[in-house]
Each structure stands twice: as C-alpha cells, then as structure tokens.
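We count residues from 1, following the sequence as given. Note that the structure is predicted; figures quoted are calculated from it, not measured.
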Amino acid sequence: MNKFVGNVTSLTGYGLFYLLKISPLLLIVFIGFGDKFLPTPFKETSFNTRSAITNVLSAEKKPDHLKNTKYNNKRTDQIVDELSK
C-alpha cells in the first residue's frame, strides 16, 4: 500500500511540474488563438482577454481624462496641461 501511495504522489508531482512547465505556452495559445477553436464560453473569454490586453498596451492618449470637468478646477487643469507638455 505504501508503495502504491508513493507512486501516485510521485506521478502527481511529475504531472504538476510538467503542467507548470508548459502553462505559459498554454496561456499564449489560449489568448492568441482560443477564439478560433474553443467552445463558446471559452471563445468569448479568449477574445475579451486579447481585446483588453490590446487596449491596455495601445498607447493612445485620451485628453478627456486630463480635464477635471466635475469640479471645474481651472488651476489644477492648467497645472496638468503644463506638466503634460
């Protein structure tokens, strides 16, 4: 019995190590190509993840974030404009 338990734990350990070793590759395949071959819930998750990463990495400046229209603080807006130049 002890030999059986030892073999199972060693197989589990090796399987876990192998999974951790190839997990970055699986993650890249899931994000990059998952929406082409996975079923619907995973397809949408893959597409949304890739879209979110693309939006974060795109370095578009959005000037509306620099304006403080809620409190109409003109001095702070002027300082922000000077620092952003």
Looking at CD of Gln78 and CG of Leu83, how far apart are the two atoms once the value is rounded to the nearest 0.5 Å?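 Rounded to the nearest 0.5 Å, the CD-CG separation comes to 10.5 Å.
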Counting only pairs under 3.5 Å, give me each side-chain donor-acceptor contact of residues 28-40, with atom names and distances, residues two or more places apart or in other chains.
residue, atom, partner, partner atom, Å
Asp35, OD1, Arg50, NH1, 3.3
Asp35, OD2, Arg50, NH2, 2.8

Do Ile53 and Leu27 sit in the same hydrophobic cluster, where Ile, Leu, Val, Met, Phe, Trp and Tyr count as joined when their side-chain heavy atoms come under 4.5 Å apart?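 Same cluster.
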Please check: side-chain N/O of Thr49 versus main-chain N/O of Thr45, any donor-acceptor pairing under 3.5 Å?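 The answer is yes, because a donor-acceptor pair under 3.5 Å joins these two groups.
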Which pairs pass salt bridge (Lys or Arg N to Asp or Glu O under 4.0 Å) with one or both residues in residues 23-34, sequence neighbours excluded?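 Pairs touching residues 23-34 that pass the test: none.
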Enumerate the salt bridge (Lys or Arg N to Asp or Glu O under 4.0 Å) contacts for residues 38-48, please, sequence neighbours excluded, ordered by first and then second residue.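 Applying salt bridge (Lys or Arg N to Asp or Glu O under 4.0 Å) to every pair that reaches into residues 38-48, excluding sequence neighbours, yields nothing.
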